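Just below is one structure, and these are the notes that go with it.
Given the structure is predicted, the values throughout are model-derived calculations rather than measurements.
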Amino acid sequence: RRPCSSLLKCLLRSENSPDQTMVRYSKDEDASVPHSKSRGSHLRVHFKHCREIAHHLKGMDATKAVKFCQDVKDFKDIVPFTK
């Protein structure tokens, strides 16, 4: 059983569900720098797994991050636990 599979499915899903609501962030984004934001609630995944995935994906290009998540899903790569 893969404990991170539900989070990875959420990360790879590109369509918006109708029950999503807008959230406020403490910082405004800089329009000159490409970026993305994510937020999840009521996910059946441990906080430590979310932290390690986010820590590993931080700073990656979007295409590289999506490929990495797909490789993890296909058991070709791993998410390193550093903490």
Side-chain angles (χ1 to χ4, degrees):
R1 181 178 159 167
R2 294 177 290 176
C4 298
S5 63
S6 62
L7 178 62
L8 291 174
K9 286 178 187 175
C10 291
L11 289 173
L12 295 174
R13 186 175 54 199
S14 62
E15 55 203 353
N16 292 331
S17 62
D19 63 340
Q20 290 179 339
T21 59
M22 295 297 291
V23 296
R24 296 185 63 138
Y25 292 94
S26 61
K27 290 174 63 176
D28 290 331
E29 64 274 355
D30 183 11
S32 65
V33 178
H35 60 278
S36 65
K37 293 181 181 179
S38 64
R39 180 173 188 251
S41 60
H42 306 293
L43 298 175
R44 295 189 59 174
V45 65
H46 292 284
F47 171 77
K48 184 176 180 181
H49 295 151
C50 296
R51 185 249 177 231
E52 296 298 336
I53 292 169
H55 181 72
H56 191 72
L57 294 178
K58 186 177 181 180
M60 268 192 202
D61 289 338
T63 54
K64 187 176 178 182
V66 170
K67 182 182 180 325
F68 173 76
C69 289
Q70 189 63 45
D71 287 347
V72 169
K73 235 175 103 176
D74 295 337
F75 295 107
K76 295 179 184 174
D77 207 349
I78 62 167
V79 177
F81 275 39
T82 58
K83 201 169 188 180

Hey, what do you get for SG (Cys69) to CG (Leu57), rounding to the nearest 0.5 Å?
-> 4.5 Å
Results of side chain to side chain donor-acceptor pair (under 3.5 Å) for Asp71 - residues two or more places apart only | Lys67
Do any pairs count as a side-chain hydrogen bond (donor to acceptor under 3.5 Å, both in side chains) and have a residue in residues 50-62, sequence neighbours left out, and if so which ones?
-> Glu52-Thr82
Taking only residues two or more places apart in sequence, or in another chain, which ones meet Ser32 in a side chain to side chain donor-acceptor pair (under 3.5 Å)?
-> Asp30
Closest heavy-atom pair, Phe68 versus Ile78, reported as atoms and distance to 0.1 Å, is CZ-O, 3.3 Å
